[in-house]
There are 2 protein chains.
Amino acid sequence: MVHYQEEQRLDRTFAALADPTRRGMLERVSAGSASIGELAAPFGITLTGARKHVRVLEEAELMSTEKVGRTRLCSLGPRRLDDLQEWIDGYRRTLAARLDRLDEFLKETKGEQRWQASRQRPC
Amino acid sequence: MVHYQEEQRLDRTFAALADPTRRGMLERVSAGSASIGELAAPFGITLTGARKHVRVLEEAELMSTEKVGRTRLCSLGPRRLDDLQEWIDGYRRTLAARLDRLDEFLKETKGEQRWQASRQRPC
DNA sequence: GCTATACTGAACCATATGGTTCACTATCAG
DNA sequence: CTGATAGTGAACCATATGGTTCAGTATAGC
């Protein structure tokens, strides 16, 4: 498939955001960069556990990190989530179109005495 | 946490969308309702496998199904993805704010001879 | 009534995920 | 130099995920 890479990117992004701990870490980091320890503490998980989450976020390019001294500084990555937004926009447009079709269908059938089981479904 | 249910809903939604097969099924169904068999075929998976994906989408309320005769009619669910959109909007606003702060920071420090290591980071 | 079709549920499998512990390295502070 | 601190990597564990097969049930069509 042509869009294979984009598909993969969507996979990684949606998956990264599917975990509440990771979303929490993004929120924490959006208030200012933090160390692994600072990210681990509020969730009561180990440094190792936190590091794993951070790596997932890095791979989705939602976070970027830099080792400074013995601590790792984690900050928000540059991603605007444009591709994800695009997918959602497409989906919502589809949904809107579907509702429009339903609307038309209801108008069309208004006044008919009975619902015909054999009638074409609107969606 | 107060927002526990919403958190869970976000979890389920992001997770449901993280799989390319499921996104494909949503796209297929957005063109008109389809049976389990019709959803399975393009991905070369079994009916059982397809049914599992459909169930995940149902639980995320992205798809709704109805058993008619011996086939199960799958159509788009009513969800507008509003909560997900809201989360993403918040994230993007944060990102924008972060870039603004960086911008100010760069203006502030313009003309200073040297980068001071001890200086407050912009983000 | 009989047969083909459409789906379902249980059992199973391999891999991924989210977490741990423990031993280790690297740096900071005195 | 020495001790405390911050993080890392490997090994491990339980559960979840994405898929299968196989034996059913229920309906459609003749």
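Chain letters run A, B, ... following the sequence lines, proteins first and then strands; every chain starts at 1. Note that this is a predicted model, so its numbers are computed, not measured.
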Without decimals, in angstroms, what is the distance between [X] [atom1] and [N] [atom2]?
X	N	atom1	atom2	answer
A:D19	D:dT15	CG	C1'	14 Å
A:H53	D:dG7	NE2	P	16 Å
B:L17	D:dG18	CG	C1'	17 Å
B:L73	C:dA6	CG	P	13 Å
A:R12	C:dT17	CZ	P	12 Å
A:D11	C:dA16	CG	C1'	13 Å
B:R70	D:dG29	CZ	C1'	8 Å
A:R23	C:dG18	CZ	C1'	15 Å

Practice problem: Go through the side-chain N and O atoms of A:S64 and A:E58 and say whether any donor and acceptor fall under 3.5 Å apart. | Solution: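 No, A:E58 and A:S64 have no side-chain donor paired with an acceptor closer than 3.5 Å.
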
Practice problem: Using a 4.5 Å cut-off on heavy atoms from C-beta on, say whether the side chain of A:I36 contacts that of A:C74. | Solution: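 In contact.
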
Quiz item: Counting just side-chain N and O atoms, does A:R72 come under 4.0 Å of either OP1 or OP2 of D:dA6?
Solution: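 Checking D:dA6 against A:R72, no side-chain N or O comes under 4.0 Å of OP1 or OP2.
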
Quiz item: Hey, is the side chain of B:R22 poking within less than 4.0 Å of OP1 or OP2 on D:dG18, counting only N and O atoms?
Solution: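 For D:dG18, OP1 or OP2 has a side-chain N or O of B:R22 closer than 4.0 Å.
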
Quiz item: Does any N or O in the side chain of A:R22 come within less than 3.5 Å of the main-chain N or O of A:A15, such that one atom is a donor and the other an acceptor?
Solution: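 The answer is yes, because a donor-acceptor pair under 3.5 Å joins these two groups.
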
Self-check item: Under 3.5 Å: donor-acceptor pair, side chain of A:R92, backbone of A:W87
Solution: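 Checking the backbone N and O of A:W87 against the side chain of A:R92, no donor-acceptor pair under 3.5 Å is found.
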
Quiz item: From B:R72 CZ over to B:E66 CD, what is the distance, rounded to the nearest 0.5 angstrom?
Solution: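 It comes to 9.5 Å.
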
Quiz item: To the side chain of A:K67, which of D:dG7, D:dA4, C:dG18 is closest?
Solution: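 The nucleotide sitting nearest to the side chain is D:dG7.
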
Quiz item: Is there a path from A:L47 to A:V56 through hydrophobic residues (I, L, V, M, F, W, Y) whose side chains come within less than 4.5 Å of each other?
Solution: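 They do not share one cluster, since no chain of ILVMFWY contacts under 4.5 Å joins A:L47 to A:V56.
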
Quiz prompt | Close residues, residues 34-52 of chain B, relative to DNA chain D [heavy-atom separation under 4.0 Å] | solution =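 Those residues whose heavy atoms fall under 4.0 Å from DNA chain D, taken from residues 34-52 of chain B in numerical order, are B:G44, B:I45, B:T46, B:T48, B:G49, B:K52.
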
Quiz item: If you take all heavy atoms of A:L62 and A:L26, which pair is closest and at what distance?
Solution: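 Smallest heavy-atom distance, with atoms named: O-CD2, 3.7 Å.
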
Practice problem: Please report how far the helix from C:dG1-D:dC30 to C:dG30-D:dC1 bends, comparing the axis fitted to its first five pairs with the axis fitted to its last five, to the nearest 10 degrees. | Solution: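 Overall, the helix from C:dG1-D:dC30 to C:dG30-D:dC1 bends by 30° from one end axis to the other.
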
Quiz item: Relative to the ring of B:F14, is the ring of A:F14 parallel (under 30°), tilted (30 to 60°) or perpendicular (over 60°)?
Solution: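 Geometry flag for B:F14 against A:F14: tilted rings.
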
Quiz item: Is it true that atom CD of A:E86 has more than 12 heavy atoms of other residues, nucleotides or ligands lying nearer than 6.0 Å?
Solution: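 Check fails, neighbour count at 12 or below.
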
